[in-house]
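Heads up, the thing below is written out as structure tokens.
Lettering of chains follows the sequences in order, A, B, ..., and the numbering in each one begins at 1.
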Amino acid sequence: MRRMCLGLSTKLLNISVASLCRTRQLEKAEAALIDGIRLGVLPDVVTYNILITGYCQVVGFEAGYHVIHRMKEAGINPNLITYNSLMAGATRQGSLACCLNMLDEMLGRGIDPDVWSYNTLMHCYFKMGRPDDAYRIFREILLKNITLCQATYNILINGLFKNGYIKDALMLFRDLQRQGYVPQIVTYNILMNALCKLKRWKGIIRLFEEIRELGIAPNAITYTTAMKCCFGSRRYKEGLQIFFEMKSRGYAYDLFSCCTIVAALVKSGRRLAAERCIAHMIKIGYDLDIASYNTLINWHINEGKLEKAYNLLGVAESRGLDCDIYTHTILIDGLCKAGNFDVAERHLDHMKTMGFNCLVASNCFINGLCKAGYIDYALQVFNASDMRDSCTYSSLVNNLCKQRRYRLAAQLLLSCIRSGLKVLKSDEKNVSQGLTRLGTKRDAKRFKLQVRRSKLLQY
DNA sequence: CTAGGGTTAG
């Protein structure tokens, strides 16, 4: 009888620890653990596994791994799920080495990996941009005769999408459906996210309808993804509508949805609404992570308050958070907006030496220079660098047109297409109208022909 | 307790 009670209490303890970890309140989770022990409720392997997941998500893999020592002290052996959770933590952090280490350690302890171990490893390879290795793991699962689960397919579909195999992912999805596979809400979230990145706004609506017809309940992720898609297509009204629906159905705000909404409100200049949402974000008492700080730093930058942005950065760093690629990019953009190009350039160099991909930051720098009228310096930077995409060209073309330097704009636009990059219809129109206005209709005509020919060569 | 979502430039 006594054991049954204790078992039940441990279950309750686990539920409360899990809920605190989910809301990133690790200190409170630790306090619950201590309170439990004081009352004679001992944590079990599940409690520690939950903590490991929490530490991996909020702090990082190392912090999660540290919990293993505490388990040993408490006389509890790590199990399959312990290692699977650690592999997931390593994957979240993008550390393939740690993920493989955990697999080794698990095998060394005589624990047999299950379908989840392989799922996670496959996911890690996909995340690191190694789809061939990921597919190798998938074949290994089949070879070892391990029973697949739905997550295996979800990870496969998601990985194919993220690595650019869009058609293969869609084909796999439809194939599975034909074989009687019923997609889960997770599957729909994956598809929705992929369509969102492809800017296929109508596809999202169709998916939403499909979900309703199948009677599957959307979750917070579904709403957040759909919202982001609306905002990305500048449909702020529709996006906010989805947000209100989400709220009225009792879905709680979380950091993910807050970041999406605040970023959209800032971008569309809804200052008051943004402030209200930020106040809420801070009030709910979650431990803000680096993405949340990035959102807030970006908000300060857009208000023209560079100093406040740097202060907030100090707060984030004092909490042990590391700047990521977004933080650096947002700061460089902010420096440019403040006209401080010297510091911006130095920060960009700093970012390069740290091994970050600086494409977006470099685009911010070039765009900032253009807007401030230093277009020739921008061209110099552009020519000296091999980092360029369609945005880089678009900034230059757009601003050259403003200065009526249409011939150079036309040249750049053509070399953009010839590099296999897409161009904005508006840029194309701008240039050809400009050439016409220069009084040389023949040039404009020739430009249009060249554009058409270059596009043909793209395929 | 282990898959899916957020933050940057034209």
>> Counting the atoms with a prime plus P, OP1 and OP2 as sugar-phosphate, which does Asn14(A) contact under 4.0 Å by heavy atoms, base, sugar-phosphate, or nothing?
In response: nothing
> How many angstroms lie between atom CE of Met281(A) and atom CG of Asp254(A), to the nearest 0.5 angstrom?
Replying inline: 10.0 Å
> What nucleic acid atoms does Asp289(A) come within less than 4.0 Å of, heavy atoms only: base, sugar-phosphate, or nothing?
Replying inline: base
> Which part of the nucleic acid, if any, lies within reach of Ser292(A) when heavy atoms closer than 4.0 Å are counted: base, sugar-phosphate only, or nothing?
Replying inline: base
> Within the structure shown, what part of the strands sits under 4.0 Å from Ala361(A) by heavy-atom distance: base, sugar-phosphate, or nothing?
Replying inline: nothing
> At under 4.0 Å between heavy atoms, what does Ile185(A) touch on the DNA or RNA strands: base, sugar-phosphate, or nothing?
Replying inline: base
>> Given Asn84(A), which partner from the list Asn79(A), Thr53(A), Asp114(A), Thr120(A) fulfils the side chain to side chain donor-acceptor pair (under 3.5 Å) test?
In response: Asp114(A)
>> Looking only at side-chain N and O atoms, does Ser268(A) offer a donor or acceptor that is under 3.5 Å from a partner on Arg270(A)?
In response: yes
> If you look at every strand shown and take non-hydrogen atoms under 4.0 Å, does Ala18(A) touch a base, only sugar-phosphate, or nothing?
Replying inline: nothing
> Do Arg136(A) and Asp133(A) sit within salt-bridge range, that is, some charged N less than 4.0 Å from a carboxylate O?
Replying inline: yes
> Which is true for Lys267(A) with a 4.0 Å heavy-atom rule: it touches a base, it touches only sugar-phosphate, or it touches nothing?
Replying inline: sugar-phosphate
>> Using a strict threshold of under 4.0 Å (side-chain N to carboxylate O), is an ion pair present between Glu30(A) and Arg70(A)?
In response: yes
> Does the separation of the ring centres of Phe356(A) and His328(A) fall below 6.0 angstrom?
Replying inline: yes
>> Checking Glu105(A) against Tyr65(A): is there a side-chain donor and acceptor pair closer than 3.5 Å?
In response: yes
>> Just to be sure I understand the rule, does Thr329(A) reach a base, reach only the sugar-phosphate, or reach nothing, if contact means heavy atoms closer than 4.0 Å?
In response: base
>> To the closest 0.5 Å, what do you measure between OG1 (Thr224(A)) and CD1 (Ile242(A))?
In response: 10.0 Å
> Hey, is Arg405(A) close enough to Asp376(A) for a salt bridge, meaning N to O under 4.0 Å?
Replying inline: yes
>> Please list, in numerical order, the residues of residues 189-197 of chain A that have a heavy atom closer than 4.0 Å to any atom of DNA chain B.
In response: Asn189(A), Ile190(A), Asn193(A)
> Where along residues 380-391 of chain A does a heavy atom come under 4.0 Å from DNA chain B, residue by residue in number order?
Replying inline: Asp389(A), Ser390(A), Cys391(A)
>> Once you apply a heavy-atom cut-off of 4.0 Å, does Thr260(A) come out as touching a base, just sugar-phosphate, or nothing?
In response: sugar-phosphate
> So, Glu303(A) and Lys308(A), do they make that salt bridge, N to O below 4.0 Å?
Replying inline: no
> Using a cut-off of 4.0 Å on non-hydrogen atoms, how would the nucleic acid contact of Asn298(A) be classed: base, sugar-phosphate, or nothing?
Replying inline: sugar-phosphate
> Under 4.0 angstrom, heavy atoms only, what part of the nucleic acid is Cys259(A) near: base, sugar-phosphate, or nothing?
Replying inline: base
> Any salt bridge between Glu140(A) and Lys144(A), counting N to O under 4.0 Å?
Replying inline: yes
>> At 4.0 Å (heavy atoms only), tell me whether Ile81(A) reaches a base, stays on the sugar-phosphate, or touches nothing.
In response: base
> If you draw the axis of the six-membered ring of Phe61(A), does the NZ or CZ of Arg92(A) fall within 45° of it and under 6.0 Å from the ring centre?
Replying inline: no
>> With heavy atoms of chain A within less than 4.0 Å as the criterion, where does contact along DNA chain B begin and end?
In response: dC1(B) to dG10(B)
